[in-house]
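By convention in this document, chain letters (A, B, ...) are assigned in the order of the sequence lines, proteins followed by strands, and residues within each chain are numbered from 1.
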Amino acid sequence: MSYLPKAMWLIAMLGLAACNNPDRFGAGGAGGAGGAGGAGGIDSTGLGGADDPRSVAYFQQTLGDRVFFAVDQSTLSDEARATLTGQAQWLQTNSDYALIIEGHADEQGTRQYNLALGARRASAAQNFLISQGVAASRIRTVSYGKERPVEVCSTEDCYSRNRRAVTVLSLGAGS
Amino acid sequence: MTYQRPFGLLLALGLMFGGLVAAPVVAQNGPLRIEIVEGVIEPLPFAVPDFVAENGAAGEYAKNLARVIASDLSGTGLFREIPASAHVGRISSFDAPVAYGDWKAINAQALVTGAVSASGDRIVVKFRLFDIFSGQQMGEGLQFAGTTQSWRRMAHKVADAVYSRITGEGGYFDSRVVFVSETGPKNQRAKRLAVMDYDGANVQYLTDSRSIVLAPRFSPSGDRILYTSYQSGFPKIYLMDVASVQARALGDQPGTMTFAPRFAPDGRTVVFSLEQGGNSDLYTVDTNSGTLSRLTNAPSIETAPDYSPDGSRIVFESDRSGTQQIYVMSAGGGEPQRISNGPGRYSTPVWSPRGDLIAFTKQHQGRFHIGVMRVDGSEERLLTASFLDEGPTWSPNGRVIMFTRETAGAAGQSSLYSVDITGRNLRPVSSDGAASDPSWSPLLP
């Protein structure tokens, strides 16, 4: 197995920007399984916006690419299950994508424990996606512990958004 | 006014716990000794005049050596320097008899004199320690020779000898600290491995900031560093040779996360956490053969392991009871025994180099503390309190704990602090910018 984190990040950024840059890694959402063309050809495809159901932006923004957890917990809430069910359905349709689930913790814990806790959360999301029919071979997990908060304040309002598992898409399922 | 010698002059350490505080040994006519006991200590007044420069090239070191020695001793909180501006006596020759009256007049109890000579890239540093009120030299004079580059280390060695003679304890000044240097905003923190002298001098960066690095740990001889890096995209343990700055992955298993490594006292075995399928357990790996052994097998989080100084036991944290607590088990695994019993969550246990105490992080009612307890969990005491204190590391002599303190909010930053195991002398440690995850080396050879 080999994953390309840089390509993954680039796709994530392009998806967030919902722009129309040509995707040099092959098809984005709109073109389906375009891949890298035939004899040296380069396909140019729009990535689509959040209203295009096949786009990464749709996955991230409309379906929701993340689920949240209670303090020191890794069990999935009903809301988290609903989000992940939507992700699983999308992933079955868009089978070109592999995914990395990032587990995160808020800053209220020690570093090593938060790494372990982030791994538990990523694993909880992973297991749920597998139970919904997403092939285990498409999923990897990584824990960031408390190293990469999205919100920087030190109140529960921010903490609740930092205790998360984020599904990050990359092209190259089953590689 | 007559100066009252508080205890005579030997600081007697290790009597800090309840029930064990013996009456201080008052040795009015005995040797200089400070007793380090619980409660308020009047710092022992000392003087370190500029060293005598024995040749022209030594001039630049003569003052600097004295300054570093004074800073080491004052930094312990056990000594108070009498500044040069108050001195009556002058030391113009290293071998001339000491005029005790001159130093008694300013109430100095201890006097450190020294001399330095330099030639090419070599310097020779000599010192003597005097007990002013008993009017005699304490121990033999000592001489250190080395390169001019290592002049600070020689100052630390002099201060270690002075500290050791007066307290009866080993020193800790000639030591280094490996840590994580931090830059950038909280949600995009860049982290680099760095190493420095214990007092923040000579900061040297060991990695660039392309990958997150966490929790470096020195080997028992200080020549290698274990740490966790995201350089592969996933957290994994690496082992770095300090001299060559070359690193290799250690204990890597596909599809797992490895973290929280710590050397056994043998310098060969490493205990660490391995996460698979969301569950973290403790393993060891032999750094030579790469052989893995599993120590725990539980659905809970087992992490932050550390060995007892004799290598026979491992202390670690686990949330098997529902919250993080501290456990001790045999180094080969087996049934662990819970030792933490108070309210709150206990984590990051580290065994004192003396073997008698466990330092830990405690989280309780929204605050973080660094604390110590006996190995059986008794006599817990909290030494600090703040928004976020974590990750204690012991000084080589087991008297001082260094840790990470992080401030709250969007502009929150990490920095290093140290505190005496009695809870006194809490102070920031200089580190050339924001810093976290310190690990203290043994005393350098």
Side-chain angles (χ1 to χ4, degrees), chain A residues 1-9 71-74 100-128 130 136-137 139-156 158-159 161-162 165 168 170, chain B residues 180 185-189 191 212 214-215 228 230 232-235 254-257 259-260 272-273 275-281 299-305 316-319 322-324 345-348 360-363 366 368 387-391 404 406-412 436-437:
Chain A
M1 291 193 298
S2 105
Y3 291 95
L4 296 168
K6 275 183 186 163
M8 188 180 87
W9 281 112
V71 176
D72 202 19
Q73 295 301 313
S74 56
I100 293 184
I101 303 175
E102 299 177 351
H104 297 268
D106 67 34
E107 68 188 359
Q108 291 214 299
T110 44
R111 203 174 309 288
Q112 289 93 339
Y113 181 80
N114 277 348
L115 274 182
L117 180 59
R120 263 186 186 165
R121 287 173 175 162
S123 182
Q126 176 187 35
N127 290 339
F128 190 82
I130 291 170
S137 62
I139 312 175
R140 271 196 89 166
T141 59
V142 61
S143 175
Y144 283 92
K146 60 175 171 177
E147 304 305 316
R148 283 291 178 266
V150 283
E151 304 291 342
V152 295
C153 76
S154 295
T155 64
E156 174 54 24
C158 285
Y159 294 162
R161 278 172 281 166
N162 288 334
V168 180
S170 65
Chain B
V180 173
K186 199 168 175 178
N187 55 357
Q188 222 181 318
R189 202 78 97 197
K191 296 192 164 192
I212 300 172
L214 304 172
T228 302
Y230 283 72
S232 69
F234 299 86
T256 70
M257 166 171 79
F259 62 110
F272 65 101
S273 283
E275 174 271 336
Q276 194 158 28
N279 182 37
S280 299
D281 269 304
S300 43
I301 290 171
E302 275 68 41
T303 191
F316 63 99
E317 65 170 83
S318 167
D319 68 350
T323 59
Q324 287 164 280
R345 294 159 62 175
Y346 294 79
S347 55
T348 75
F360 55 84
T361 304
K362 177 169 177 165
Q363 211 179 328
F368 280 75
F387 166 72
L388 210 176
D389 287 349
E390 75 168 291
T404 305
E406 192 165 345
T407 53
S436 59
D437 295 1

**Report entry** Beyond-backbone contact of B:Asp319 with A:Leu117, side-chain heavy atoms, under 4.5 angstrom
**Finding:** no

Query - pair B:Phe387-A:Glu107: side-chain heavy atoms closer than 4.5 Å - result: yes

Heavy-atom pair of closest approach, residues [X] and [Y]:
X: A:Val142; Y: B:Gly233; answer: CG2-O, 3.7 Å
X: A:Gln108; Y: B:Arg345; answer: O-NH1, 4.5 Å
X: A:Leu115; Y: B:Met257; answer: O-CE, 3.4 Å
X: B:Lys186; Y: A:Val152; answer: NZ-O, 3.1 Å
X: B:Gly409; Y: A:Ser154; answer: N-OG, 2.6 Å

Report summary line: Of B:Glu406, B:Gln324, B:Glu275, B:Lys191, the largest count of non-hydrogen pairs under 4.5 angstrom with chain A goes to B:Gln324

To the nearest 0.5 Å, what is the distance between [atom1] on [X] and [atom2] on [Y]?
X: B:Glu302; Y: A:Gln112; atom1: CD; atom2: CD; answer: 14.0 Å
X: B:Phe234; Y: A:Arg140; atom1: CZ; atom2: CZ; answer: 3.5 Å
X: B:Ser436; Y: A:Arg111; atom1: OG; atom2: CZ; answer: 4.5 Å

Query raised in the report: chain A heavy atoms under 4.5 Å from B:Leu388: which part of the residue, side chain, backbone, both or neither?
Result: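 Side chain only.
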
Below 4.5 Å, heavy-atom pairs only: which of [options] has the largest tally toward chain B?
options: A:Ala116, A:Ser123, A:Gly103; answer: A:Ala116
options: A:Gly145, A:Cys158, A:Gly109; answer: A:Gly109
options: A:Cys153, A:Ser143, A:Ser74, A:Ala122; answer: A:Ser143

Query raised in the report: Yes or no on side-chain contact (heavy atoms from CB on, under 4.5 Å) for B:Glu317 and A:Thr110, after CA distance, side-chain angles and deciding distance?
Result: CA-CA 11 Å; B:Glu317 65 170 83; A:Thr110 44; 4.2 Å; yes

Query - Heavy-atom donor-acceptor pair, B:Thr303 side chain to A:Tyr113 backbone, under 3.5 Å - result: no

Query raised in the report: Are the side chain of A:Arg121 and the backbone of B:Gly278 linked by a donor-acceptor contact shorter than 3.5 Å?
Result: no

Query raised in the report: Which residues satisfy the side-chain hydrogen bond (donor to acceptor under 3.5 Å, both in side chains) test with A:Asn127, sequence neighbours excluded?
Result: none

**Report entry** B:Glu390 bridged to A:Lys146 by N-O distance under 4.0 Å
**Finding:**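 Salt bridge present between B:Glu390 and A:Lys146.
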
Report summary line: Under 4.5 Å to a heavy atom of chain B? For A:Asn162 that would be neither

